[in-house]
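Below: the structure, in structure tokens.
Lettering of chains follows the sequences in order, A, B, ..., and the numbering in each one begins at 1. Not measured: the values here are computed from a predicted model.
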There are 2 protein chains.
Amino acid sequence: MIPYKEKKVISIGTVTELTGLTERKIRYYEERGLISPKRTERGTRKYSFSDIETLMNIADKREEGVQTKEIKKDMDNEKKMANIRDDLLRGQLNAHFNLRR
Amino acid sequence: MIPYKEKKVISIGTVTELTGLTERKIRYYEERGLISPKRTERGTRKYSFSDIETLMNIADKREEGVQTKEIKKDMDNEKKMANIRDDLLRGQLNAHFNLRR
DNA sequence: CGTGTAAGGAATTCTGACACG
DNA sequence: CGTGTAAGGAATTCTGACACG
């Protein structure tokens with residue numbers, strides 16, 4: 001199971017088609033730290049399917065009038081929560097298997 | 001579960017990096033019917049992760065000296081076998097659920 | 001048959017800036 | 001703050017062809 005979803009291989013032109021956003025917006029959201037495309041040696045941006053999903057969520061939030069700063073805060077928060085959840089789960093699994101030893 | 005693997009969004013330059021093949025070879029294998037990238041309105045080729053896997057298999061076969069015609073025959077055959085298998089499975093499932101009715 | 005290469009054109013992508021608000 | 005646009009350069013991609021074998 002290779003993580004195709006996270007592989008950064010899509011150029012910005014294709015992203016505009018997939019998301020309906022302009023290049024300008026996409027680059028601006030990067031500037032604000034909402035997404036982090038990879039750069040080729042030459043400097044062209046490469047996005048993953050995951051980035052595209054994020055961009056579509058951003059587009060929805062922006063339509064609701066949410067500012068990029070707010071969107072970023074929410075996204076960072078979600079990641080934090082996910083990490084806490086994963087840490088807890090890991091801890092429980094470890095405790096479980098340690099007890100069984 | 002979106003089929004990222006089949007979505008044709010990768011341009012040929014990225015494919016050369018991912019597969020190690022030259023553009024010439026990639027286009028030639030298309031000419032021989034081994035792969036079928038999508039074309040944008042403007043005419044640039046777009047490949048899927050699935051296409052990339054196919055290309056890597058082709059590269060291996062070519063190194064073994066297998067001709068493209070032979071490779072195509074094998075690939076077509078594999079697809080045929082997969083279809084037969086799927087048809088059989090579908091038939092069994094249908095029979096199963098019909099009997100239960 | 002399979003692949004390299006030079007050729008010329010057309011579209012892509014990038015950055016920094018000015019604009020409006 | 002968020003986005004549009006014109007500007008100029010650099011790299012990408014395409015096709016058809018000649019080459020070698």
Would the base of C/dT13 count as contacting A/R45 through its side chain, where contact means a donor and an acceptor less than 3.5 Å apart?
no

For D/dT3 and A/Y28 - does any side-chain N or O of the residue sit under 4.0 Å from the phosphate oxygens OP1/OP2?
no

Atom pair distance, as rounded to whole Å: CD in B/E41 and C1' in D/dC14
15 Å

Rounded to whole Å, how long is the line connecting atom CD1 of A/I10 with atom P of C/dT12?
17 Å

With both distances under 3.5 Å as the test, what is the Watson-Crick or G-U wobble partner of D/dT15?
C/dA7

Exceeds 12 heavy-atom contacts within 6.0 angstrom, atom NZ of B/K46
yes

Any carboxylate oxygen within less than 4.0 angstrom of a Lys/Arg side-chain nitrogen, looking at B/E64 and B/K61?
no

Only pairs with both distances under 3.5 Å count, Watson-Crick or wobble alike; so what is the partner of C/dG2 in this structure?
D/dC20

From the options D/dT3, C/dG2, C/dG4, select the nucleotide whose nearest atom is closest to the side chain of B/R62.
C/dG2

With nearest nucleotide decided by heavy atoms, which residue, B/Y29 or A/R39, maps closer to the 5′ end of DNA chain C?
B/Y29

From CD1 of A/I58 over to P of D/dT3, roughly how many Å is that when rounded to an integer?
10 Å

Out of C/dG4, C/dC14, D/dT13, which has the shortest distance to the side chain of B/I12?
D/dT13

For B/E23 and C/dT5, what is the distance between atoms CD and C1' respectively, to the nearest whole Å?
12 Å

Whole angstrom is fine here: how far is it from NZ in A/K72 over to C1' in D/dG2?
17 Å

Earlier contact from the 5' end, DNA chain D, for A/K46 and A/T68
A/T68

Rounded to the nearest Å, what distance is computed from the CD atom of residue B/E17 to the C1' atom of nucleotide D/dT13?
14 Å

Is the closest basic N to carboxylate O distance between B/R45 and B/E30 below 4.0 Å?
yes

Side chain of B/R32 only, heavy atoms from C-beta on: which candidate in C/dT13, C/dG2, C/dG4 is closest?
C/dG2

Atom CD of B/E31 and atom P of C/dG4: how far apart are they, to the nearest Å?
14 Å

Quick one about A/R32 and A/Y28 (side-chain donor to acceptor, distance below 3.5 Å, no hydrogens or angles considered), yes or no?
yes

Distance-only donor-acceptor check, side chains B/D51 and B/S48, under 3.5 Å
yes

Taken to the nearest whole Å, CD1/B/I26 to P/D/dT15 is 14 Å

Does A/T44 put a side-chain nitrogen or oxygen below 4.0 Å from OP1 or OP2 of D/dA11?
no

By nearest nucleotide on DNA chain D, pick out whichever of B/Y47 and B/R24 is the more 5' one.
B/Y47

